Each structure stands twice: as C-alpha cells, then as structure tokens.
Amino acid sequence: MSSLQPVRGTHDLLPDESRRHRKVEETAFAAARRYGFGEIMTPIFEFTDVFARTLGETSDVVTKEMYTFADRSGESITLRPEGTAGVARAFISGGLAQSLPLKLFYRGPMFRHERPQKGRLRQFHQVGVELLGVESPLADVEVIAVAWRVLSELGLASKVRLEINTLGDAESRETYRNTLVAYLSGFRDSLSEDSRNRLERNPLRILDSKDEGDRRIVENAPLMTDSLSPAAREFFTQVTAGLHALGIPFVINPRLVRGLDYYCHTAFEFTTTELGSQGTVLAGGRYDELIATMGGQRTPGIGWAAGVERLSMLVGEVADDARPVSVIPMGDAMAALVVAERLRRSGRAVEMGFSGNMKKRMARANKVNARFAVILGEEESARQAVTIRDLDTSTQDEVPLAQLEDYLGRQS
RNA sequence: GCGGGUGUAGCUCAGUUGGUUAGAGCGCCAGUUUGUGGUACUGGAUGUCGGCGGUUCGAUUCCGCUCACUCGCCCCA
C-alpha cells in the first residue's frame with residue numbers, strides 16, 4: 001500500500017464538496033439555534049472508558065469498531081465513534097447540572113473502523129443535538145422538530161421518512177426483552193446465524209433483521225407495545241400527539257430499535273431510499289439512564305445525530321453565491337494588488353491572477369464566475385481611472401479610481 | 001468481519017480473442033485575435049492500462065495475492 005494514499009475510509013474534501021458539508025452543518029446549526037441550542041465542542045478523543053461504559057460493552061461499535069490506542073503515558077484513548085458520550089462526560093465533569101435544562105448542538109468528525117461503503121466512512125462527520133434535564137415528552141417532540149426543520153431547510157422533506165417507536169422505560173424494556181427471547185428461543189434453529197448470536201447479546205435487533213427466514217419468524221413475534229407499562233404508553237402517546245400538533249409526518253414502526261444500549265422510550269429515524277443500504281440519515285432517541293450510568297446524577301436526556309456525508313449526498317450541488325471581482329493589471333501589477341486589496345477591505349471577494357496576458361486573465365475571470373473585471377490599463381492609469389467590464393452583459397465603462405467601490409455598489 | 005462486482009489520461013469511458021507507437025469525449029495548454037472572456041476553428045501535452053508476484057519468447061490483456069472503490073450482509077449517522 002502506498003503511503004501516499006489516504007487511509008482507507010478517509011477522504012479529502014475539495015472546495016465543491018466542502019461547501020456542501022458546510023451548508024449542511026450551517027443549516028443544522030442555524031436551525032438548532034432558533035430552538036435555543038448552543039454549540040458545544042468536546043475533544044475528538046476521550047478515555048476509552050467513556051465510550052465503553054456508555055455505548056454498552058457488547059455493542060458492535062465498542063467491541064470491534066473503535067480506534068483505540070495507548071497514548072505515550074499508557075492511557076487507553078479512543079477516537080470518538082459518536083457524539084453523545086462525550087457530551088454526557090462534559091456534562092458531568094463540567095458541573096453542567098447547574099444549568100438545566102441544557103440544549104447543546106455539536107458537529108465534527110467521528111471515527112469507526114468499519115468496512116467502507118458509499119455513505120459509510122471510517123472518518124465521517126456528524127451534527128447532532130442533545131437536550132438534557134427534561135423528563136417531559138414535549139422535549140422529545142421539540143428535538144424531533146429541530147431535526148425535521150433541518151431536513152426541511154436542506155430541501156429534503158420529500159426525500160426522507162420519519163419512523164418512530166418506543167423502547168419503553170427500563171422496566172418495560174426488561175419485560176419485553178424476556179418475552180421476546182422466550183418467543184424467539186422456540187425458533188432458535190430456524191434463525192439465521194447472525195440472529196442466533198444476537199439472541200443473548202441484543203435480541204431487539206433481531207426485529208429488524210433483513211434475513212427472509214428471520215422476518216417470517218419476527219412477523220408473529222410479540223411487540224414492545226404489549227409489554228409497555230401504562231406510564232410508558234402514555235409517554236409515547238404524548239410524543240405522537242405532539243408531532244401531530246406540529247404537523248410533522250411520521251409512521252410508527254414497532255420494530256424500530258437502536259443499536260446503542262443507552263436508549264429508552266422514544267426512538268426515531270429519518271431514512272431515505274436514495275442512498276442504498278446506508279439509508280439512515282438522522283437518528284436518535286431518549287437516554288434517561290445514560291448520565292447515571294456514567295456516574296453522574298440521574299439526568300434525563302434526548303438527542304439525535306445526523307450523518308453529514310449522507311445528507312450532503314442528498315443535498316446535491318450548492319452554488320457558491322459570492323461572485324468575485326477579477327482585477328486585471330495590464331502594466332503595474334503592484335498598483336493592481338493595491339486596488340485588489342482595497343476592494344477586499346471593502347468586503348468584496350476579489351480574484352487576481354499572478355501572471356498571464358489580458359486574454360488569459362479574462363478567461364480566468366470567466367472561469368471563476370466573476371461578475372466584473374476591473375481592468376487597470378496604462379491609458380486609464382494616466383487618467384486615474386480603470387475600466388470595469390460587466391462580464392454578464394459584455395459592456396464596459398471607464399470609472400475614476402476614486403469611485404470604484406461606488407460604481408460596483410451601484411451595479412450589483 | 002463475510003460474500004459479489006469494478007480498477008485504462010485530471011474526469012467519464014472505449015479497446016487490446018497476449019504481440020512492435022493504448023484511444024475518444026470533456027478538461028488542460030498554445031494559437032487564430034501583440035488591451036478583452038464565455039462560442040467557433042487549428043494544433044499540443046498527459047498514462048509505470050491500481051500495486052506486487054506468477055505463467056509466457058512476449059502480459060495492460062491469462063492466473064494468484066494485495067490495495068482502493070462499489071453492491072449486498074453486518075453495523076450504523
């Protein structure tokens with residue numbers, strides 16, 4: 001393997017793609033702010049324990065996908081595979097319990113050693129929100145509303161479908177788990193190999209197995225709904241009522257589960273059919289026991305994370321809206337540099353090539369999609385003027401140097 | 001981690017039933033226009049035919065391994 005290749009599953013983001021990423025991130029953050037979320041930036045690595053304890057010792061993410069290494073002092077460090085654990089850690093270590101309820105937004109790279117595919121990278125990016133300290137189902141509704149707003153503003157409302165389910169409270173979940181395992185054990189020999197392994201580890205996952213045989217068995221399996229405590233049932237009813245009230249379309253999927261152990265009650269997922277098998281674009285749920293599990297005082301929470309790469313594939317091309325001015329020197333390049341700088345200080349994007357004749361520079365101006373070319377010719381210079389060519393209309397004027405900004409301001 | 005597909009110029013792809021100089025379109029560079037772009041015309045450059053090894057007189061073409069991407073599984077955002 002050549003060391004001049006990027007590491008498997010990593011990617012350089014060139015300007016076009018980078019712009020799309022930014023658009024996704026900024027749109028998400030702008031929307032979240034309107035709901036009262038502020039940005040938190042946690043470290044990209046944490047002590048391994050932070051993830052091992054919170055995600056569940058048996059989850060796949062922890063057992064085989066983390067980038068874990070010993071640092072120079074021998075500490076076991078892990079590159080974050082997701083954002084919630086780090087936020088929860090910051091919540092505890094930063095004494096943020098003082099300021100509940102807390103609404104936090106985050107963005108940034110995450111790392112998972114998985115087999116790369118379209119929409120699945122080893123270094124990928126997420127944006128996400130966490131709402132801490134609110135027991136009420138209204139929090140679930142609000143958090144889902146932010147997600148829906150973000151997706152809508154990215155123009156993806158019609159490409160995406162919201163599925164929700166409840167995993168119940170700890171008690172209901174335990175009851176359900178037992179009845180499910182009891183049911184499935186009767187079919188042990190007919191289950192797929194994958195699902196047989198999941199039987200002890202994570203039986204709920206068998207519910208959304210893609211194996212044909214599994215599906216037939218699961219079809220008649222008892223549902224979470226039947227094991228729900230009255231309180232958990234009421235909670236879920238409130239959530240769905242809230243979504244109706246806000247006009248957010250959704251479907252209930254009783255077989256929707258979450259991979260990470262810390263989830264309870266509401267679980268939701270926005271999926272698309274346009275990205276193949278990596279169709280989940282944004283997902284989240286409630287995690288009332290997470291903070292307590294980590295050793296903090298029990299604090300309910302709910303949040304979601306979205307895959308920036310997946311969203312940006314759906315968003316498509318994003319136009320660069322700031323069209324530059326091209327400054328074209330014919331004689332004195334230094335004088336042109338001064339003019340370019342002047343325009344930049346006035347807030348304009350200015351492009352000035354480092355070499356080339358007029359023709360080349362005009363071609364370049366065209367290529368960078370400039371609106372105007374400011375031509376500094378010798379003759380105009382003598383008159384303390386420049387020629388400004390409108391590249392859209394192919395017309396040009398001679399303008400006194402002193403009125404440069406004014407003229408451009410009037411034209412565009 | 002498992003199974004399948006693909007890998008030829010910067011990009012999209014053709015081609016070689018193994019044989020001397022590997023092609024197209026787009027893009028790039030130059031010119032037609034020595035102070036004027038986007039169109040048109042003319043000309044030009046570029047490839048260790050993903051990498052390593054094997055078979056062969058000879059491999060980009062066949063075989064093995066490997067790497068990358070991709071599809072499905074798994075997992076998940």
Side-chain angles (χ1 to χ4, degrees), chain A residues 1-11 14 24 28 55 59-66 81-84 107-128 147 192-195 197-198 201-202 205 208-212 214 257-260 268-272 275-285 303-314 326 328-331 353 356-381 386-396:
Chain A
M1 165 175 46
S2 163
S3 59
L4 286 182
Q5 283 189 341
V7 173
R8 185 174 200 200
T10 67
H11 229 29
L14 271 28
V24 170
L55 305 185
S59 73
D60 278 39
V61 170
V62 170
T63 54
K64 40 194 195 204
E65 293 174 3
M66 296 205 303
E82 57 98 50
T84 304
R107 58 176 134 190
M110 308 291 166
F111 306 85
R112 253 120 95 159
H113 191 103
E114 296 184 275
R115 176 142 174 183
Q117 264 181 43
K118 182 174 171 189
R120 192 167 85 184
L121 300 168
R122 290 186 172 180
Q123 176 177 159
F124 61 104
H125 297 77
Q126 291 189 333
V127 292
S192 67
E193 195 188 329
D194 279 328
S195 288
N197 290 331
R198 285 187 280 221
R201 280 192 159 191
N202 196 351
R205 280 232 77 99
D208 64 359
S209 170
K210 282 173 190 156
D211 181 90
E212 273 301 320
D214 290 354
V257 296
R258 306 269 67 216
L260 277 15
F268 59 94
E269 227 168 78
F270 285 87
T271 58
T272 176
L275 295 181
S277 65
Q278 312 303 320
T280 301
V281 116
L282 181 155
W304 52 256
V308 175
E309 283 80 0
R310 291 180 187 180
L311 287 175
S312 96
M313 280 188 276
L314 290 178
S326 256
I328 298 179
M330 292 313 299
N357 57 24
M358 176 130 196
K359 185 184 166 74
K360 265 190 181 166
R361 288 169 182 274
M362 286 299 288
R364 169 89 189 159
N366 197 60
K367 208 170 104 184
V368 299
N369 193 28
R371 174 70 204 285
F372 298 104
V374 174
I375 302 164
L376 286 92
E378 318 248 293
E379 297 157 29
E380 297 95 317
S381 285
V386 296
T387 295
I388 296 180
R389 183 174 178 84
D390 183 324
L391 295 177
D392 288 353
T393 62
S394 298
T395 55
Q396 58 190 50

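Only heavy atoms go into these numbers, but all of them, side chains included; no hydrogens, no water, no symmetry mates. Numbers restart at 1 for each chain; the letters A, B, ... are given by sequence-line order, proteins then strands. For clarity, every value in this text was computed on a predicted model and none was experimentally measured.
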Taking side chain to side chain contact (heavy atoms under 4.5 Å, CB included) as the definition, give me every residue that meets it alongside A/Ser277, ordered by chain and number, with sequence neighbours left out. A/Gln117

What integer distance in Å separates A/Ile388:CD1 from B/G37:P? 19 Å

Please report, rounded to the nearest Å, how far the P atom of B/A68 is from the CD atom of A/Gln123. 16 Å

Just to verify, what does A/Lys118 make a salt bridge (Lys or Arg N to Asp or Glu O under 4.0 Å) with, not counting sequence neighbours? none

According to salt bridge (Lys or Arg N to Asp or Glu O under 4.0 Å), does anything in residues 370-379 of chain A pair up with another residue at least two apart or in another chain? List the pairs. A/Arg371-A/Asp390, A/Arg371-A/Asp392

In whole Å, what separates the P atom of B/U48 from that of B/G5? 26 Å

Residues in side-chain hydrogen bond (donor to acceptor under 3.5 Å, both in side chains) with A/Glu269, at least two apart? A/Arg258, A/Thr280

Only counting residues at least two apart or in another chain, list the ones meeting side-chain hydrogen bond (donor to acceptor under 3.5 Å, both in side chains) with A/Ser381. none

How far, in whole Å, is B/U60 from B/A9 if one measures between their C1' atoms? 14 Å

A/His113: ring pair (Phe, Tyr, Trp, His ring centres under 6.0 Å) partners, not counting sequence neighbours: A/Tyr67

Near RNA chain B, under 4.0 Å by heavy atom, which residues of residues 304-312 of chain A? A/Ala305, A/Gly307, A/Arg310

If I take atom CE in residue A/Met313 and atom C1' in nucleotide B/C69, what distance separates them, rounded to the nearest angstrom? 13 Å

Sequence-distant partners of A/Arg389, side-chain hydrogen bond (donor to acceptor under 3.5 Å, both in side chains), two or more places apart: A/Gln396

Atom-to-atom span, CG of A/Asp208 to P of B/C73 - whole angstrom: 11 Å

P spacing across the pair B/A24 / B/G43, given as an integer number of angstrom: 12 Å

For atom P, what is the distance between B/G47 and B/U21, given to the nearest Å? 14 Å

Can you name the salt bridge (Lys or Arg N to Asp or Glu O under 4.0 Å) partners of A/Arg107, sequence neighbours left out? A/Glu25, A/Glu26, A/Glu39

What is the distance, rounded to the nearest whole Å, between atom CZ of A/Arg205 and atom C1' of B/C75? 7 Å

Indicate the atoms forming the closest heavy-atom contact of A/Arg361 with A/Gly356, along with that distance. NE-O, 2.8 Å

For A/Thr395, side-chain hydrogen bond (donor to acceptor under 3.5 Å, both in side chains) partners two or more places apart: A/Thr393

Given the P atoms of B/U46 and B/C74, what is the spacing between them in whole Å? 50 Å

On RNA chain B, compare the nucleotides closest to A/His113 and A/Gln126; which residue's is nearer the 5' end? A/His113

Does the side chain of A/Trp304 come within less than 4.5 Å of A/Val127's, by heavy atoms? yes

Any strand, both distances under 3.5 Å, Watson-Crick or G-U wobble: B/A22 pairs with none

Pair assignment for B/C73, Watson-Crick or G-U wobble, requiring both distances under 3.5 Å: B/G1

In whole Å, I'd like the distance from the CG atom of A/Asp211 to the C1' atom of B/G3. 14 Å

Side chain to side chain donor-acceptor pair (under 3.5 Å) evaluation trace for A/Ser209 with A/Asp214: CA-CA 6 Å; A/Ser209 170; A/Asp214 290 354; 2.9 Å; yes

N/O contacts under 3.5 Å, protein versus nucleotides 70-72 of chain B?
{"from": "B/C71", "atom 1": "OP2", "to": "A/Lys118", "atom 2": "N", "distance (Å)": "3.1"}
{"from": "B/G72", "atom 1": "OP2", "to": "A/Ser277", "atom 2": "OG", "distance (Å)": "3.1"}

Roughly how far apart, to the nearest Å, are B/C11 and B/G72 at atom C1'? 28 Å

Does the protein touch nucleotides 29-36 of chain B at the base, only the backbone, or not at all? Give it as B, S and - per nucleotide, heavy atoms under 4.0 Å. -S-BB-BB

Taking the P atom in each of B/C57 and B/C13, what is the distance between them to the nearest angstrom? 37 Å

Atom P, compared across B/A77 and B/A14: separation rounded to whole Å: 37 Å

